[in-house]
Amino acid sequence: MCLQGPGGVPGRDGNPGINGIPGTPGIPGRDGLKGEKGECMRESFEESWTPNFKQCSWSALNYGIDLGKIAECTFTKMRSNSALRVLFSGSLRLKCKNACCQRWYFTFNGAECSGPLPIEAIIYLDQGSPELNSTINIHRTSSVEGLCEGISAGLVDVAIWVGTCADYPKGDASTGWNSVSRIIIEELPK
């Protein structure tokens, strides 16, 4: 029998071998399940919004009518799908010896706003002082303001009116006494 001696020192790694022969292509896969129908996306390029507003003002309307049109301002509306913001600012007054009520409201081409509701403000006065044969006579700067939708593009006659409140007697109304009154109209995107 031969005796085996101790193990030798490990050797170095050899040089890398050359690439082998390419393998054969695999079997093609099957088509997957049909997906859901996608949404039709249409890119819309909205034009930038250009401010469109107008102010009509009066130095002293001093209009004492109790029923009817007070002032008018014609405005050019650029888009049909926009809203109009309107504001009347001026002195309002109501006086009477017994309970009374007056209503200030806007019209657009002769009709009140219906999109969504009329634009109005009221003043109700319970009573004056009959024992002194006088009435309260306070003129206050007030405003009537709101948004109206559904108005077509083009010229729009915007007017402020005074009328009665339902089921209340009219009083002695005054608009624009001794002060500046104004109507401001602004077209806004919806």
Side-chain angles (χ1 to χ4, degrees), residues 46-128 134-190:
E46 291 188 24
E47 57 187 280
S48 63
W49 187 266
T50 304
N52 185 18
F53 60 91
K54 183 177 182 180
Q55 173 177 252
C56 296
S57 56
W58 301 267
S59 61
L61 280 173
N62 290 333
Y63 217 47
I65 67 167
D66 302 328
L67 300 171
K69 186 190 299 185
I70 298 165
E72 184 174 59
C73 187
T74 302
F75 181 77
T76 303
K77 190 168 182 282
M78 305 305 285
R79 296 173 177 85
S80 289
N81 63 343
S82 62
L84 287 184
R85 176 183 176 264
V86 291
L87 165 72
F88 170 82
S89 176
S91 170
L92 303 181
R93 191 259 358 237
L94 178 64
K95 69 178 185 173
C96 53
K97 291 186 179 179
N98 299 310
C100 62
C101 183
Q102 294 293 119
R103 174 178 178 256
W104 283 261
Y105 60 95
F106 275 101
T107 61
F108 302 86
N109 293 328
E112 286 194 64
C113 181
S114 60
L117 293 167
I119 299 170
E120 65 180 2
I122 67 161
I123 296 178
Y124 170 80
L125 187 60
D126 190 14
Q127 67 183 36
S134 66
T135 60
I136 296 172
N137 188 19
I138 301 171
H139 297 259
R140 290 188 174 104
T141 298
S142 303
S143 63
V144 183
E145 181 175 11
L147 290 171
C148 190
E149 299 175 4
I151 299 169
S152 299
L155 287 178
V156 181
D157 290 325
V158 177
I160 186 78
W161 293 66
V162 64
T164 59
C165 305
D167 301 328
Y168 289 94
K170 75 177 183 66
D172 180 12
S174 175
T175 307
W177 177 77
N178 203 28
S179 62
V180 172
S181 301
R182 60 181 34 96
I183 293 175
I184 298 173
I185 308 163
E186 181 182 12
E187 186 172 6
L188 298 174
K190 286 181 24 176

| request: Can you establish whether the number of heavy atoms outside Y124 located under 6.0 Å from its atom OH is more than 12? | output: yes

| said: Ring-plane angle category for Y105 and W161, please: parallel below 30°, perpendicular beyond 60°, tilted otherwise. | reply: parallel

| request: Please check if the side chain of N52 supplies one atom and the backbone of T76 the other of a donor-acceptor pair under 3.5 Å. | output: yes

| query | Okay, side chain of K77, backbone of R79: is any donor-acceptor separation there less than 3.5 Å? | reply | yes

| Which value, rounded to the nearest 0.5 Å, describes the distance between I119 atom CD1 and T107 atom OG1? | 10.0 Å

| message | When you measure from the side chain of Q102 to the backbone of G163, do you find a donor-acceptor pair of N or O atoms at a distance under 3.5 Å? | response | yes

| said: Using modelled atom types and a 3.5 Å cut-off, is there a donor and acceptor pairing between side-chain atoms of D126 and backbone atoms of A99? | reply: no

| said: Quick one: does any side-chain atom of R85 pair with a main-chain N or O of E145 as donor and acceptor, under 3.5 Å? | reply: no

| field | A153 backbone acceptor or donor facing S80 side chain under 3.5 Å | value | yes

| query | For M78, does its backbone N or O pair with a side-chain atom of E187 as donor and acceptor, under 3.5 Å? | reply | yes

| Do C148 and F106 touch side chain to side chain, with heavy atoms closer than 4.5 Å? | no

| field | Backbone of N62 reached by a side-chain donor or acceptor of N178 within 3.5 Å | value | no

| task | Could you pull out the closest heavy-atom pair between A173 and D66, with the gap in Å? | result | N-OD1, 2.7 Å

